[in-house]
Amino acid sequence: MEKYNHNDIEGKWQKIWEENKVSKIDKDDTKNKFYMLDMFPYPSGDGLHMGHTESYTASDVYYRFKKMQGFNVLHPQGFDAFGLPAENFAIKTGVHPAQTTEKNISNYIKQMKMLGLNYDFDEQAVTSDPKYYKWTQWIFQQFYKNDLVYQSTQKANWCSSCQTVIANEQVLNGECERCGTQIEQKKIPGWFFKITDFADDLINDLDKVDWPEHTKKNQRNWIGKSEGAKIKFKLTAHRSQLTANEIEVFTTRPDTLFGATYMVLAPEHSLVSELKDQITNWDEVEEYGIKAQNKTEMERIEGKEKTGVKLEGISAINPANSEEIPVFIADYVLVNYGTGAIMAVPAHDDRDLQFALQKDIEIKPVIAEVKSVDEIIPGLAELKIKSARESGFATIGFGLLMESGQFNGMNSEEAKKKITEFVGGEMTTNYRLRDWSISRQRYWGCPIPIVYSPEGKATLVPEEHLPWILPIDVDFKPKGVSPLGASKEFKERTEKIFGKGWTPEYDTMDTFVDSSWYFLRYPDALNDSEFCSEIRKKWLPVDLYIGGAEHTYMHLLFARFFTKAMNKIGLLDFDEPFLKLRHQGMVLDAQGKKMSKSKGNVVNPDDMVKSFGADSVRTYMLFAAPLEDEVMWNEDNIVGVYRFLEKVWFTKDELKEKSSEDVVRELHKTIKRMTKGIDELAYNTAVSDMMKFINTVKKSSISKEDYQTFLTILSPFAPHITQELWHQLGNESLIQDESWPKFDESLSKDSIHKIAVQVNGKVRETIEIEEGTEEEDVSKKALASELIKKWLEGKEPKKIIYVKNRILNIVVESNE
RNA sequence: GCCUAGGUGGCGGAAUUGGUAUACGCGCACGACUUAAAAUCGUGUCUCUCACGGGAUGCGGGUUCGACUCCCGCCCUAGGCACCA
C-alpha cells in the first residue's frame, strides 16, 4: 500500500494543469455561461490570508461543480492594487509602490496556485495597471459628460503634523494614530459622484437580486430613505420681535409638531453666524461650535450624553400653536443631514428627550398610542411625562393626536399631511445617503483625468491622452498637498499638451472607484480599444459573487451605482451587477480572536499547505463552519479531514466487484444531498455527508465504478488527491472530462423509517414502519406497543397527530 | 449611540425550516495490535439518578399536541458606520 503523500501529488498535478492550461475557456462562447466572481484581494505584503483562502476555495468548489454540470464558467481573479499600505510602506522605506505591488501580486498568484485555485491569470484585472486604469478614467469621463460628477467640499480628518487627511480608523481618541497629534476637521475640496441620483433605484432594485436578506436590509438602511416634511419656523429676537429669518427643519414626524418645545441647529448651520448680532452669548456659542467642528461624526452621535448651547436672545415660533420656543445649537444635529436643523419633540424622540432632560426643557406629549378617542384618559399627558422622566425613553409610536388643537383625535398618518399643510410646509423625501466623495490626497491611486486652465477652470483630459499616467517622479512624504503636486514631469506634461499655466488635478481617486467596475473588465481584460466588447458583455452580469460581509455597504453599493450609471448612459444593458451574492465569514484564531500582525496570531496558508496539503486545507476550511459564519482556525481539528482523505486514498486498494446495497443507497443519497448542498453553498454539511459515506464504505464494500463516482463528487473540494486516484485507476483528466453524477431518486430514499411515538409530546417509543404506510396503520402499530399502553394508562386518546415518516403524537389530556 | 447578524456538549458544529436535539469532526476514556511508543482499528462520551425517570439549545415570559426554530422583554458577542480594503 502506497502512502498518501500530498506534497508530491499536489505539486505534480498543479504543474500538469498549468501546462495543459485547464483554466482556459472560450470567452467568445457565452451560450451556456456562468460568471463566478470572487472579491479580488488587495495585494498586501503579508500575503494571502486565511479569509481569502476560505472565500476563494468556496468559489473554486462552486466553479468546478458548475463546470461539471456543463456550464462554460468564467472564474477570473485580479488585484485591487492601488491603496494606502503600499504608499505608507513607500513613505517609510522609499520603495516605490509599483515595485511593492508587483512583488506582492506574484506572491499572491503563487499562493493561489498552491491552493489549487483554478484561475486564468493570463487575463486578470490589476487596478494599478495603466491598461486597466485607462478605463477607470474613461468611465470617469463618461460620468463627467453625463453630469454625474461635480466639485464640492467635504469635511475630513486632518493631521497638521503629517500634513494629510487620515481615515476615521486611524484616529485614536481624537489623535493621529501615527504621530499623536490632535486631529482637526478640515474642509477639503474635491470631486463627487452623484450616487444620490440613484437612491430610489438602489433601494427598489434590491428586490431583483438574490442576496442575503440582512445585506439588503443593511443597504436600505444605509441609503436611509425617510418620508417627512420640511417646515419653516419664524425667529424672534429683542423681546419677541419677529425677524426676517426663518429656520427650515426636516422632520419625519410632522404629526408631533404641537409637541415641539425647542429647536436645534447644527453648530455649523449658516444661520448661526448670520444671527451673531442678535445672540447675546456669542462667545459661548462660538466656542461650542469650534469644539463640535473637531469631533468626528461618530463622536457626535454616539453616547447618551447630549451637549448643546442655548442661543440667548433668540426664539422661534412654533407655527402650529404660535408658542415661543428656545433655539439651541447641539452637535447631535448634523449639518449635512436633512436641513441641518430640527424641531425637537422630547415626548416622542429619545435623543430629544435626553437633551430636554439635561436642559430642563418642557416635555409635551401629543400622541396617544391608542386606536379610539375613548381610550384617551384624562391625565394621560402627565402620565407620559412622568414615565419619560423616569425611564429616559420617549414614546415613539403612532396613534391619535392629543393636545393638538383642531387636530385632536386625528390619527398620526393623516395628521402628518394635514398639519404640514396647515403650517404651509411641504411633504418631502430625505436620504441618509450622501454623494460619493472620490478625491484623495494620495499618491498610489488612479489619477483624476482633469486639468485646470490658468484661470482655474476644470476640463477633462481628452480621451486620446488616456491613460493619464500616474507620474513616478514624486516624493511620497505628505506636505499638505497631494504627492502628485511635487511631480515636475506631471506639470510639464500638462503644459506641453494644454499650454502654459495649465495644471493637472493632483488628487487621485478613492480606490473604491477602481473596484466598482473590475467585474466588467474580466470578460475582455486584454481589450485595448474598449472596456469590454459587445460580444464579451454577454458574460455579464455576474451570476454568483462571493466575498466578505464587511463589504455589505460601501463596495457593493458603489458597484451597483456604477452599473446603474453606466446603464443610464447606455454602456450596459442591465442595471444590477451581481445577481446572486453570498458572504463568507471571518477566519479567527483558535481562541476566536481576530488574526492580526500586531497580535502575532496570523496563520499563513503556505505553512498549512506544507503540513497538511492543499486538499486538506481547502476541505477543512469549508467543513469547519457554515460559509457565512466565522471560522476558528484550529490546527488540531484539520487532522479529521486529513484522516478522511487518507481513508479515501486507501479505499482504492479495497475495491470489490460489486457494491453492497447499503453503499449503493448511501451513494445515491450522498449525491442527492451534495448536489443540493453545493448549490446552496452549504459546504460544511456536504463534507460531513462525504465522511458519512466513507464510514459506510469502510464497514462494507464498494465497486470501482461507484468509487469513481464518489471521487467525482469529492473532486471540487480535493482536486489533487481525486485526480491522482482517478489517474491510478486508468483514467485521464477528471476536471476536463467528467460530468457531475446523477442520482436515482428511488435509491436515495430509505425504505424503512424509524418513527418516534410520543404520548403528550414526550417520546416513549420508537417503531419501524415501511415507506408508504397509512396513518391509520401507523397508529394501530403504535397503540399495540406495550410501552405505549403503559403510558396511556388505559385512557382514550383525545387526538393523534401524525407527521409522515417522522413522528406520531398521542394526546391523552392536557396537563391540568 | 445607530443599523445588521449570532448565542446548542469539553471544542468546531448538525437538526429535512414547527416534528426523536447533539449528525459529522476534534478532544477525552477504555480496549485491540506493539517489547514500547506513534499510527491504525474497535467501543464509549450532554447532564442528574443505583434505577424508574427527570432536566438541558444565553436569561425570563408567551403561543402550540409539540419550540434550537415563531412572538415579547433582557444579557452577551461579532460586523458596519462614509479617506483601511
Side-chain angles (χ1 to χ4, degrees), chain A residues 39-42 44 80 82-85 88 154 156-157 164-170 188 190 212-215 217-218 220-222 224 297-306 332 350-351 354 432-434 436-442 510-512 515 548-555 557-558 583 585-586 588 590 592 594 620 623-626 628-634 636-641 643-644 646 650 673 684-685 687-692 695 698 754-763 765-766 798-814:
Chain A
M39 287 185 182
F40 65 167
Y42 174 78
S44 90
D80 191 11
F82 275 135
L84 216 40
N88 288 338
Q154 192 186 33
N157 305 313
T164 186
V165 174
I166 64 167
N168 275 340
E169 70 157 17
Q170 290 162 325
I188 309 279
E213 272 314 309
H214 70 266
T215 306
K217 224 186 255 177
N218 276 328
R220 288 195 190 98
N221 290 338
W222 181 267
E297 205 166 278
M298 220 195 303
E299 287 169 335
R300 286 173 55 158
I301 55 179
E302 78 187 0
K304 276 214 154 190
E305 293 296 302
K306 300 274 179 289
Y332 77 94
D350 286 337
R351 290 161 305 176
Q354 283 150 20
R432 205 187 74 101
L433 181 70
R434 305 199 286 260
W436 178 9
S437 157
I438 62 150
S439 293
R440 299 290 181 268
Q441 294 67 46
R442 311 276 183 210
D510 180 2
T511 54
F512 272 121
S515 57
E550 68 274 20
H551 295 293
T552 300
Y553 303 86
M554 311 195 65
H555 161 63
L557 200 65
F558 291 147
H583 298 300
M586 218 180 298
L588 310 171
K594 245 178 160 172
Y620 175 62
F623 172 64
E628 64 276 14
D629 287 7
E630 288 159 349
V631 178
M632 289 196 202
W633 184 260
N634 191 334
D636 300 332
N637 289 346
I638 193 172
V639 301
V641 168
R643 284 176 195 156
F644 160 66
E646 261 187 332
F650 289 119
R673 293 178 61 102
N684 57 328
T685 49
V687 173
S688 83
D689 285 335
M690 291 189 285
M691 287 173 166
K692 276 186 220 169
N695 289 345
K698 281 273 138 192
K754 276 185 186 168
I755 72 161
V757 182
Q758 301 181 324
V759 176
N760 288 335
K762 284 201 188 296
V763 178
E765 168 78 301
T766 316
K798 256 189 180 170
K799 198 166 156 193
I800 296 182
I801 294 140
Y802 177 57
V803 181
K804 202 179 165 215
N805 299 342
R806 303 219 154 269
I807 204 166
L808 184 88
N809 188 12
I810 304 168
V811 185
V812 182
E813 57 184 334
S814 47

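Both backbone and side-chain heavy atoms feed into the values below; hydrogens, waters and symmetry mates do not. Below, chain A is the first sequence line, B the second, and so on; all start at residue 1.
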Once you round it to whole Å, what is the distance between [atom2] of [N] and [atom1] of [X]?
X	N	atom1	atom2	answer
A:Arg434	B:C83	CZ	C1'	12 Å
A:His551	B:C81	NE2	P	10 Å
A:Ile438	B:A82	CD1	C1'	14 Å
A:Lys798	B:U64	NZ	P	13 Å
A:Asn760	B:C65	CG	P	11 Å
A:His555	B:A82	NE2	P	18 Å
A:Arg673	B:C24	CZ	C1'	11 Å
A:Tyr620	B:G12	OH	P	10 Å

[X] near the nucleic acid: base, sugar-phosphate alone, or nothing, with a heavy-atom cut-off under 4.0 Å?
X	answer
A:Asp636	sugar-phosphate
A:Asp689	nothing
A:Pro212	nothing
A:Ile800	nothing
A:Leu84	sugar-phosphate
A:Arg220	nothing
A:Lys754	base
A:Thr511	sugar-phosphate
A:Ser44	nothing

So what's [N] paired with, Watson-Crick or G-U wobble, going by both distances under 3.5 Å?
N	result
B:G31	B:C41
B:U69	none
B:U63	none
B:C50	none
B:A5	B:U77
B:G10	B:C26
B:C83	none

Shortest side-chain distance from [X], nucleotide among [options]:
X	options	result
A:Phe623	B:C65, B:A85, B:G12	B:G12
A:Val763	B:U20, B:C83, B:G12	B:U20
A:Ile807	B:C26, B:A85, B:U20	B:U20
A:Gln154	B:C83, B:C26, B:C65	B:C83
A:Asn637	B:C24, B:G19, B:C26	B:C26

Subject >> Residues forming a side-chain hydrogen bond (donor to acceptor under 3.5 Å, both in side chains) with A:Asn684, sequence neighbours excluded >> reply: none
Original post:
Under the side-chain hydrogen bond (donor to acceptor under 3.5 Å, both in side chains) test, which residues partner A:His555, sequence neighbours left out?
Top reply: A:Tyr545
Polar atoms only, N or O, under 3.5 Å: list the protein pairs with nucleotides 37-47 of chain B and their distances.
residue, atom, partner, partner atom, Å
B:U40, OP1, A:Arg643, NE, 3.3

Original post:
If each of A:Ile638 and A:Thr685 is mapped to the nucleotide of RNA chain B with the nearest heavy atom, which maps nearer the 5' terminus, i.e. the 5' end?
Top reply: A:Thr685
Subject >> Residue mapping more 5' on RNA chain B - nearest nucleotide basis, A:Asn695 or A:Met632 >> reply: A:Met632
Original post:
Just wondering, are more than 12 heavy atoms of other shown residues or ligands nearer than 6.0 Å to NZ in A:Lys698?
Top reply: yes
Pairwise [atom1] distance, [M] and [N] [rounded to whole Å]:
N	M	atom1	result
B:U57	B:A51	C1'	28 Å
B:G25	B:G31	C1'	22 Å
B:C50	B:G42	P	33 Å
B:G12	B:A23	C1'	14 Å
B:C75	B:C59	C1'	7 Å
B:A78	B:A67	P	32 Å
B:C24	B:A15	P	13 Å
B:G53	B:A21	P	16 Å

Is [X] near enough to [N] that one of its side-chain N or O atoms lies under 4.0 angstrom from OP1 or OP2?
X	N	result
A:Lys799	B:C65	yes
A:Asn684	B:A14	yes
A:Ser688	B:A14	no

Original post:
Which atoms form the tightest heavy-atom contact between A:Thr766 and A:Lys754, and what is the distance?
Top reply: CG2-CB, 4.2 Å
Subject >> Syn or anti for B:U63 (syn when the glycosidic angle lies within 90° of 0) >> reply: anti
**OP:** Would you classify B:G79 as syn or anti? Syn applies when the glycosidic angle is within 90° of 0.
**Re:** anti
**OP:** Any chance you could measure A:Asn809, atom CG, to A:Tyr802, atom OH, to the nearest 0.5 Å?
**Re:** 13.5 Å
Original post:
Rounded to the nearest 0.5 Å, how far apart are CG of A:Asn221 and OG1 of A:Thr552?
Top reply: 12.0 Å
**OP:** Sequence neighbours left out, what passes side chain to side chain contact (heavy atoms under 4.5 Å, CB included) with A:Asp80? Give chain and number order.
**Re:** A:Phe40, A:Thr127, A:Asp514, A:Ser515
Original post:
Looking only at N and O atoms, is any donor in the side chain of A:Gln758 or the base of B:C65 less than 3.5 Å from an acceptor on the other one?
Top reply: no
Original post:
Quick one: are A:Arg440 and A:Asp510 in side-chain contact, heavy atoms under 4.5 Å?
Top reply: yes
Original post:
Going by heavy atoms in the side chains, are A:Trp633 and A:Tyr620 under 4.5 Å from each other?
Top reply: yes
Pairs under 3.5 angstrom, nitrogen or oxygen only, protein versus nucleotides 72-78 of chain B, please.
residue, atom, partner, partner atom, Å
B:A78, O2', A:Glu630, OE2, 2.8

**OP:** Give the ring-plane orientation class for A:Trp436 versus A:Phe558, where under 30° counts as parallel, over 60° as perpendicular and anything between as tilted.
**Re:** parallel
Original post:
Once each nucleotide of nucleotides 2-7 of chain B is scored for protein heavy atoms under 4.0 Å, what B/S/- sequence comes out, 5' to 3'?
Top reply: -BSS--
